[in-house]
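In what follows, a single structure is set out as structure tokens and then discussed.
Reminder, nothing fancy here: chain letters follow the sequence lines and each chain counts from 1.
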Protein chains: 2
Amino acid sequence: MPGQVQSIARAAAILRLLAGGSGRLGLLEIARALDLPKGTAHGLVRTLQDVGFVEQDKTSGKYQLGAALLHLGTSYLDVNELRSRSINWADPLAARSGEAVRIGTLLDSEVLVVHHVFRPDDTLQTLDVGALLPPHATALGKVLLAYEARGGGFGELVPYTRRTLASPRALARALSAIREAGWGSDIEEMTVGEAGIAAPIRGYGGLVVGAIGISGPVERVCDAHGQPRVTLVTHVREAARAVSRDLGGRGQ
Amino acid sequence: MPGQVQSIARAAAILRLLAGGSGRLGLLEIARALDLPKGTAHGLVRTLQDVGFVEQDKTSGKYQLGAALLHLGTSYLDVNELRSRSINWADPLAARSGEAVRIGTLLDSEVLVVHHVFRPDDTLQTLDVGALLPPHATALGKVLLAYEARGGGFGELVPYTRRTLASPRALARALSAIREAGWGSDIEEMTVGEAGIAAPIRGYGGLVVGAIGISGPVERVCDAHGQPRVTLVTHVREAARAVSRDLGGRGQ
DNA sequence: CAACAGTGTTCGACAATGCCGACCAGGGTT
DNA sequence: AACCCTGGTCGGCATTGTCGAACACTGTTG
């Protein structure tokens, strides 16, 4: 594969940096973080500003992400096949299971949430479409990792709770168990008191392109033995199959 | 201001094209639309693909927006000062008025919705955060236009309904009336049966940085004379002032 | 069945392009 | 008032990306 266009790759790095960091960044901070000369960074940032991908706070001079990105992001949702096919099945799943439903896909070894249906009750919930979840500590993420072709080493496995799978060996075992069973779960591995169940979504050719899952309080998601309830597992797997069928895949 | 970085400007144009068009586009369509040689367009698109801003449908070969943009877009929401300050005031406004609340800002002569609170009833509504609204046919848009520094000519004023302000003269009159009154409305100018009320949000230095408004069925938003209800107008203007105060502006 | 009209993709040579480093200009702090 | 820090500018060099033609492939058409 021939070389990349340098300036575009650098511009993307700047945007990722701004998205990841604590919001606003100064020009020199950007230049230092990417190991670029001041002048070069300035040129890149200024054209990013011209196209609306970056805004500058006039008082502090610092830079932040721009409004044009918001529209591009939602435009992506409109085109995304995985999301559009899932929508019809996510709502029934939320209704049947009584829990929140999320659909995610792998992006740079993280889980990108592309759709989110709130838990049917009226509790206050924040929409996390567009959020990135840690793959090793969520049911969605582990399912996606299990079927990921590029089985390279995982990133650093930060432990969120005592039950997080923080060692590569434990994670690899869990992934092969998921491949065996065709679904996966996480029990208080990301936040205490929360559990989740997920199953893979296959696209054209049987390739896994995403995952659908529910998550909620551990006492509702799991039975008396601390295992995910069979009825919920069935619901999730059926939803995953339905979406896969819609996508033209073989559906598990 | 010295020249732009050509390749970044072109890359941004490609992304805008993909966002605006009907989703997927072929390489030649992109090249033709931007008047670029095939090879050049390919290089740009390929690096956009490498950084995740563009995806390629393997079967058709066509290109579409990529997943990385979704995360960038929502990251923008997290940083956006206008949105974060508005959130606390949008919910009460929705509750008091009983209508849907939206907060918008001007982007490229269009209205970008940065926050959206559903109407309190349980009707089915779609979240339009990230959507672009026509400025001349919505209360939010007309308020933003009225206080826009760069008072250049408006784009083409497409008529949506019979009551849309489609002539530059009528629109200019409406805008100066808004400046006079400090708030604006639209009555069946975008969709029949719908009306809206909006007021400007001022940031540091008194500059208008956004607008907040409600919208709903014309029979609820307007009184017997077909005019916006005074109580609703007051609620909207108070909310706008509150947000402005939070932003450090003078609040009207 | 062959010629064709479309794709998306690769390659290499030229030179235009954007990179780099040093140089300005303003603000805050010592 | 001298100093640091910031963001912004300018011009020369050569690295960089652009460009057009050629390639591989698919589906259609004569």
Side-chain angles (χ1 to χ4, degrees), chain A residues 1-18 21-66 79 81 204-205 207 248, chain B residues 1-18 21-66 79 81 204-205 207 248:
Chain A
M1 101 183 65
Q4 306 196 132
V5 175
Q6 187 188 54
S7 31
I8 295 182
R10 286 175 168 175
I14 292 178
L15 294 179
R16 271 198 302 266
L17 182 68
L18 287 173
S22 46
R24 275 166 270 255
L25 284 181
L27 179 58
L28 292 187
E29 301 178 84
I30 296 174
R32 269 194 286 269
L34 301 179
D35 200 32
L36 291 176
K38 227 183 351 182
T40 305
H42 179 65
L44 298 171
V45 169
R46 187 166 38 70
T47 58
L48 281 176
Q49 179 175 244
D50 288 343
V51 296
F53 289 5
V54 154
E55 291 172 357
Q56 185 176 27
D57 184 19
K58 245 330 178 194
T59 71
S60 71
K62 290 184 183 297
Y63 294 96
Q64 59 179 328
L65 295 180
V79 189
E81 185 110 15
Y204 181 79
L207 207 76
Chain B
M1 108 183 56
Q4 305 196 133
V5 176
Q6 187 186 53
S7 31
I8 295 182
R10 285 175 169 177
I14 292 179
L15 293 179
R16 271 198 301 266
L17 182 67
L18 287 173
S22 47
R24 273 165 272 254
L25 283 181
L27 179 58
L28 291 188
E29 301 177 83
I30 296 174
R32 269 195 286 269
L34 301 180
D35 201 30
L36 291 175
K38 228 183 346 181
T40 305
H42 180 64
L44 297 171
V45 169
R46 188 167 37 71
T47 59
L48 282 176
Q49 180 175 243
D50 288 342
V51 296
F53 288 5
V54 153
E55 291 171 358
Q56 185 176 29
D57 184 19
K58 245 332 179 191
T59 71
S60 71
K62 290 185 185 295
Y63 293 96
Q64 59 180 321
L65 294 181
V79 191
E81 185 110 15
Y204 181 79
L207 207 77

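- Of the side-chain N and O atoms in H42(A), one or more sit less than 4.0 angstrom from OP1 or OP2 of dG8(D).
- Atom CG of residue L18(A) and atom CD1 of residue I30(A) lie 5.0 Å apart, to the nearest 0.5 angstrom.
- Taking every side-chain heavy atom of L28(A) into account, dG7(D) is the closest of dG7(D), dT9(C), dC20(C).
- Distances shorter than 4.0 Å separate some side-chain N or O of Q6(B) from OP1 or OP2 on dG18(C).
- If you take CD on Q64(B) and CZ on R24(B), they are separated by 4.5 Å, rounding to the nearest 0.5 Å.
- At least one side-chain nitrogen or oxygen of R32(B) sits closer than 4.0 Å to the OP1 or OP2 atom of dT7(C).
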**OP:** Determine, step by step, whether V54(B) and L15(B) satisfy the side chain to side chain contact (heavy atoms under 4.5 Å, CB included) criterion, reporting the C-alpha distance in whole Å, the side-chain angles of both residues, the deciding distance to 0.1 Å, and the verdict.
**Re:** CA-CA 8 Å; V54(B) 153; L15(B) 293 179; 3.9 Å; yes

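- When distances run from any side-chain atom of L44(B) to the nucleotides dC20(C), dT10(C), dT18(D), the shortest one goes to dT18(D).
- Here dG8(C) presents its C1' atom at 14 Å from CG of L25(B), a figure rounded to the nearest Å.
- Of the two residues near DNA chain D, K38(A) and K38(B), the one whose nearest nucleotide lies more 5' is K38(A).
- G39(A) comes within 4.0 angstrom of a nucleotide base, judged by non-hydrogen atoms across all strands.
- Between T47(B) atom OG1 and H42(B) atom NE2 the span is 10.0 Å, to the nearest 0.5 Å.
- Among the heavy atoms of the strands lying under 4.0 Å from L27(B) is at least one base atom, whether or not backbone atoms are also near.
- Side-chain atoms of R10(B) lie closest to dC19(D) of the nucleotides dG8(C), dT10(C), dC19(D).
- Distance Q49(A) CD to dT9(D) P: 10 Å, rounded to the nearest Å.
- We find that CZ of R46(B) is positioned 14 Å from C1' of dT16(D), with the value rounded to whole Å.
- Toward the 5′ end of DNA chain D lies the nearest nucleotide of K62(A), the other residue of the pair K62(A) and S7(B) mapping further downstream.
- OP1 or OP2 of dT6(D) has not a single side-chain nitrogen or oxygen of Y63(A) nearer than 4.0 Å.
- Checked against dG18(C), dC20(C), dC19(D), the side chain of T40(A) finds its nearest nucleotide in dC20(C).
- Regarding I14(A), its CD1 atom lies at a distance of 13 Å from the P atom of dG7(D), rounded to whole Å.
- For dA14(D) and dT18(D), the C1' atoms lie 15 Å apart once the distance is rounded to whole Å.
- Rounded to a whole angstrom, the distance from the P atom of dA16(C) to that of dG12(C) is 22 Å.
- Rounding to the nearest 0.5 angstrom, the gap separating the CD1 atom in I8(B) from the CZ atom in R46(A) is 10.0 Å.
- Atom CG in D50(A) sits about 13 Å away from atom P in dG18(C), given to the nearest Å.
- Dashed line: the shortest gap from a side-chain N or O of Q56(B) to OP1 or OP2 of dT9(C) is under 4.0 Å.
- Protein atom CD1 of I8(B) is 12 Å distant from nucleotide atom C1' of dT17(C), rounded to whole Å.
- Listed nucleotides dA22(D), dC19(C), dG20(D) differ in distance to P37(B); the shortest reach to its side chain belongs to dG20(D).
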